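To start, the structure itself, in structure tokens.
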Amino acid sequence: MPPVALVTGSRKGIGRRVAEHLAARGYRVVGCSREPADWSAAGYEHRIADVTVEPEVVALVGGIRRDLGAPAVLINNAGVASMNHALLTPGETADRVLRTSVLGTFLVSRECGKLMMRERFGRIVNFTSVAVALALEGEAVYVAAKGAVEALTRTLAREFGPMGITVNAIGPGPLDTDLTRAVPPEKIQALVERMAVRRRTTFEDVTNVVDFLVRPESSAVTGQTIYLGGP
Amino acid sequence: MNEDLLELVAETVRSYRVTMQDSAAPIAADTPLFGEGGVLDSIGLVSVVVELEQKVSELAGRDVSLMNDRALSRSRSPFRTVRTLAEYAAGEMGRAGST
């Protein structure tokens, strides 16, 4: 049986590319988002779930267990951003950004962790951003949410470590996604200028690190945040 | 108290201890699970509760949650003994049916 991978927020952007990549590498991939996906691939199936709604997460992961077995890999990619000055950001937006990244990552990790624990094997990869390392202005709530994801990554790594489950985070620089398309090009360029590697992050940069983190040989790599492009 | 559920909890604890190659001390209804004189460490308790959650969900035919904010409290935890855990599981199974 091929190993099972769950990728949250796989309808588009990084989630889609990572899901396609894992499916091409022979994983049985389940992706999820709040809305149906308009793409398909061999070895990939899409399910509808909102990672911030606890019963939906329980039903999603329970369904995967019944249909396919315990996931070996979880990619906590679902996230929303709000590029805005703090003084102009509505509380409702802040709540949505925080809930998707922090609560969503927590809930899906908890449910998958229960199944991975029984298998004594699991690879959890969370998503943060170089915006945290750079304390990027204009993204206060997003940076706070991703900072919390990094803290969650370190602590879950300790809680899950004895169970054979590693938990790490990838922090890409700006990619070409919906999330960055809303930002003026000169802002992206200014961000790139502050990074050690002065170019945009590519999807291949991301999947390269995903491959490294999920392989069985990486059992001693946990609690780490890997920034792409360097801070 | 449902005797089957009591035995299910005891069996889950026994099976975890066998897996961990712990001592084969008998597990009875009033065996302390966690804390003073407990037969499980914190990882053991988490493992047993998660395993039990799975088993009672299968019995109930729906997702039953055994998560609890007082899990690691020495005085108020529903996971103090085999019996309190079985009672807690029974309560949660009943509650899942009513919601």
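Note: hydrogens, waters and symmetry copies are ignored here, and every other heavy atom, side chains too, is used. Every chain is numbered from 1, with letters handed out A, B, ... down the list of sequences. Keep in mind the model is a prediction, meaning the values are calculated, not measured.
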#### Entry: Residues K55(B) and E58(B) bridged, charged N to O under 4.0 Å
no

#### Entry: Set of ring pair (Phe, Tyr, Trp, His ring centres under 6.0 Å) partners for F79(B), sequence neighbours left out
Y88(B)

### Task
Determine the minimum heavy-atom distance between V102(A) and L152(A), stating which atoms define it.
O-CD2, 4.0 Å

### Query
Salt-bridged, E51(B) to K114(A), with N to O below 4.0 Å?
no

### Summary
Okay, S47(B) and chain A: the region with an atom under 4.5 Å from a heavy atom over there is both

## Note on the structure
Filtered by a 4.5 Å non-hydrogen cutoff, the part of residues 6-34 of chain A contacting chain B is none

### Task
Any side-chain hydrogen bond (donor to acceptor under 3.5 Å, both in side chains) involving residues 66-81 of chain A? Give me the pairs, sequence neighbours left out, ordered by first then second residue.
R47(A)-D67(A), N76(A)-S109(A), N76(A)-N126(A)

### Task
Could you list the residues that satisfy side-chain contact (heavy atoms from CB on, under 4.5 Å) with T93(A), not counting sequence neighbours?
S82(A), T89(A), P90(A), R96(A), V97(A)

